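Below you'll find the structure, written out as structure tokens, and then a few comments.
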There are 4 protein chains.
Amino acid sequence: MVRHLSGGYMPKIVDEQMREATRQRILREAASEFARLGFDQANINVIAEQAGIGKGTIYLYFENKRELFLAMLRQIAQSQLAVIRPALATPGTLQERLEKLFRAFVTLAQTDSDSFNVYMSALYGVNRAFQAEATRLLRDYLAVISLVLEEESSTSALQIENVETASLMVLSLTESYILSAKVLGQSEQRLIQQAPLVARAILQGIGTPQQ
Amino acid sequence: MVRHLSGGYMPKIVDEQMREATRQRILREAASEFARLGFDQANINVIAEQAGIGKGTIYLYFENKRELFLAMLRQIAQSQLAVIRPALATPGTLQERLEKLFRAFVTLAQTDSDSFNVYMSALYGVNRAFQAEATRLLRDYLAVISLVLEEESSTSALQIENVETASLMVLSLTESYILSAKVLGQSEQRLIQQAPLVARAILQGIGTPQQ
Amino acid sequence: MVRHLSGGYMPKIVDEQMREATRQRILREAASEFARLGFDQANINVIAEQAGIGKGTIYLYFENKRELFLAMLRQIAQSQLAVIRPALATPGTLQERLEKLFRAFVTLAQTDSDSFNVYMSALYGVNRAFQAEATRLLRDYLAVISLVLEEESSTSALQIENVETASLMVLSLTESYILSAKVLGQSEQRLIQQAPLVARAILQGIGTPQQ
Amino acid sequence: MVRHLSGGYMPKIVDEQMREATRQRILREAASEFARLGFDQANINVIAEQAGIGKGTIYLYFENKRELFLAMLRQIAQSQLAVIRPALATPGTLQERLEKLFRAFVTLAQTDSDSFNVYMSALYGVNRAFQAEATRLLRDYLAVISLVLEEESSTSALQIENVETASLMVLSLTESYILSAKVLGQSEQRLIQQAPLVARAILQGIGTPQQ
DNA sequence: GATGAATGAGGCTTCATTCAT
DNA sequence: GATGAATGAAGCCTCATTCAT
């Protein structure tokens, strides 16, 4: 038996890394299952198997199925925001930034399709059990967009009457357009090409009436 | 199935009416339950009770829970289309018609909130078991809108590059805007007031760049 | 298909009888299982099987395992009281009546051994979840005995200082003596023979000190 | 197992003491948990925590939950006997000794309430898994009492027909009276006051009829 | 020896569905 | 046709036990 000089404390960091890795694996598989079947049909057992751990182990990482779902939801929001923020923070005209936002979402919907679906489902699905949390996350998204619009509104000629409403329009059109297109089976490539079109629609939509 | 027009047993027509009435009652209560709890959490037993019939009776009208859900979905689509079509068919400018469409959806979301929620959930929810059917219904909606846009495109000055894309934009912005507003707790009144704004956004978005 | 003249109401009585019979069968098998293994180790599944019904059927009769246990407990108390009351109501000296009480308990412990064990266990076991209910039942027993002692105390020469204490002594000695004897494997016959001895012990114990 | 009396590694005796101390700590906490929740609901993990050791460590001291329970039971019996023996060995009349026995049990039930409850539960509870061991312990108690009664029977005027029966009566009345009183919420003080009454009841009960 | 993360058997309960009446 | 009692598959979760460190 090997004894490390630093006693029982040394493996702490390794353990912590292991633990975090397992946690991430669970969250990833959970997203996959929840995206495939929805909260109720998703099977904890299957998630555990997919994650390569025992059934009971999940409960060492998450209190119960519901908490696992919420944790997954928060993580999705976090990682999506991590993509959205830089997209909007890019220098350039608002049109360009909205295009970039749109493309960022398209990419998210493509590369992390499970997450995208789960998030949309939590937000627009009927399972009220998660609507409170989903709404909270929605507000986070809106806050990021609002920030850009306010900045734009104060520095450029664009007049935005109601930033909150405008932000909601930006987000809802962007997301729902992508979602609908996905449902209809449109390719990512085609979606990307529509970025300028959609961005312009949004831009013109949120501005003050010209006449 | 043979129908004796002058059968001496019982007036078939009354039976048929009764049967249809019961079917409708089941569908209505199903929408209420499914909207409240989602497909999985909804309870067949409760639906039967609400509809004032026995638990087993539902199975005389629908093969199983899934088929009941799908039938309900189709009926919702049908009754929503019955509201959308006239809204779009109204004479007037496209802007006016889109405003009307938007208001029609707001009203639907308000007066038949259950149906609206269930439909949105089926469309954007993750339960892939119903996505095929939801997609089919989505195409029906788009077809109605496309018809108007094509007609407009040929008779007015408005140039629409891609009717399918434009239709999708019309529908997705309209619906998702309402849905997001609902999630954020905005009142119906406020939504109605935003009709011109949203309609203009859509209109400008789908048209060819003016300059 | 047979149609009864009195419509759907006729089978009511038969159904009610059937239902009650099933309920009793469940309670009997529950007593057997609970007596054999205790509340926690007892298996609802096994009880259902023993009762010749499906696993889920138990839940049509009892809300959950705990309620089944409590219902069983109450029924045991009821049927034990039905034996105890006449034993104590018998005319004769108090000594004779206490002997009869003792013999009645011996018989109960013999013929309905499961019930006797379960009741004792609920009363003296550590499972606090049922102690409140068990205590309530204990009070019922004591009330029956107290009645006799009070009557005796007023009509005979026997002076009983504290009826409640005396009743508790009557019950606890009777029951615990039988229980201990059972644990030690003594025969019913031998126990019955000890009736006069135990009765006398009780009688002399509860009377006022002679000197 | 070889013990090096002069081993240079570590003072074995200290180790042995540590080990025994830990064992005792586990047994004490086990009694607390088992008394609080019963065998099945008691949680090994909680016992370990309370004892200030790791979950797995318990298994270095006891083979499994069942063996831990039995070891605890034996220890309780041992320490109770250590109280009972001197109470009965006290010089004085049998009445006085029985009073002392009663008071000793009352004190046990008060100061070591957990142990008392667990022991009673094992004895009178339904979990047959432990009845064999509980019975063995019961016999130990009876042996101690029998010894006194036999001695008394041969040296004094008291005639005891059947020592075994009498012993059982002594023990069962003493214990069950206390237990019932506890269930009914009577105070320790009141119980102590009843010592002479109970002792006399026992004494008169086990002796041959005087007249 | 001590630890606690990991395991998976086991059990209560729900509820869609069946079917005798 | 209508009913609802009965069914049993299915799934979340707990917790005693193991074992690598």
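Here is the naming used below: chain letters follow the sequence lines, and residue numbers restart at 1 for every chain. The model shown is predicted, which means the values in this text are computed figures rather than measured ones.
The aromatic rings of C:Phe69 and C:Phe130 sit tilted, their planes meeting at an angle between 30° and 60°.
Minimum interatomic distance between A:Asp114 and A:Ala31 (heavy atoms only, all atoms of both residues): CB-O, 3.8 Å. Between D:Leu73 and D:Tyr119 the shortest heavy-atom distance is CD1-CA, 4.3 Å. The two residues C:Ala134 and C:Leu123 have their closest heavy-atom pair at O-CD1, 3.4 Å.
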In a table with atom names and distances, give each donor-acceptor pair under 3.5 Å that connects a side chain of residues 47-57 of chain C to protein atoms at least two apart or in another chain.
{"unit_1": "C:Thr57", "atom_1": "OG1", "unit_2": "C:Gly54", "atom_2": "O", "d": "3.3"}

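Nucleotide E:dG11 holds its C1' atom 12 Å from the CZ atom of C:Phe39, rounded to whole Å. Per the geometry, CD belonging to A:Gln41 stands 11 Å off C1' belonging to F:dG11, to the nearest Å. For the pair A:Asp40 CG and E:dC15 P, the interatomic distance rounds to 10 Å; values are reported in whole Å. Atom pair D:Asn45:CG and E:dA6:P shows a separation of 14 Å (rounding to whole Å applied). Across the protein-nucleic acid pair, C:Arg19 atom CZ and F:dA5 atom P stand 7 Å apart, rounded to whole Å. For C:Glu20 and F:dA5, the CD to P distance is 15 Å, given to the nearest whole Å. As rounded to whole Å, 12 Å separates atom P of F:dC12 from atom CD of A:Glu49.
C:Thr22 places a side-chain N or O within donor-acceptor distance of the main-chain N or O of C:Met18, the cut-off being under 3.5 Å. A donor-acceptor contact shorter than 3.5 Å links the side chain of A:Lys65 to the backbone of A:Asp40.
For residues 23-38 of chain C, proximity to DNA chain F is found at no residue, defined as any non-hydrogen atom under 4.0 angstrom from a strand atom. The stretch residues 54-68 of chain D touches DNA chain F through D:Lys55, D:Tyr59, D:Asn64, D:Lys65, each having a heavy atom under 4.0 angstrom from the strand.
A sub-4.0 Å separation between OP1 or OP2 of E:dA16 and a side-chain N or O of B:Asn43 is present.
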Which nucleotides of DNA chain F pair, in dot-bracket form (Watson-Crick or G-U under 3.5 Å, | meaning another strand): .||||||||||||||||||||
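Between the CZ atom of B:Arg23 and the CG atom of B:Leu60 there is a distance of 13.0 Å, given to the nearest 0.5 Å. Distance check, rounded to the nearest 0.5 Å: OG of A:Ser32 to CG of A:Leu27 gives 12.5 Å.
For B:Arg25, there are no side-chain hydrogen bond (donor to acceptor under 3.5 Å, both in side chains) partners at least two apart in sequence or on another chain.
Taking for each of D:Ile44 and A:Ile44 the nucleotide of DNA chain F with the nearest heavy atom, the 5'-most of the two is the partner of A:Ile44.
Every pair passing salt bridge (charged side-chain N to carboxylate O under 4.0 Å, His left out) that includes a residue from residues 27-38 of chain C is listed here, sequence neighbours excluded: C:Glu33-C:Arg36.
Across all strands shown, C:Ala48 has no heavy atoms under 4.0 Å from either base or sugar-phosphate atoms.
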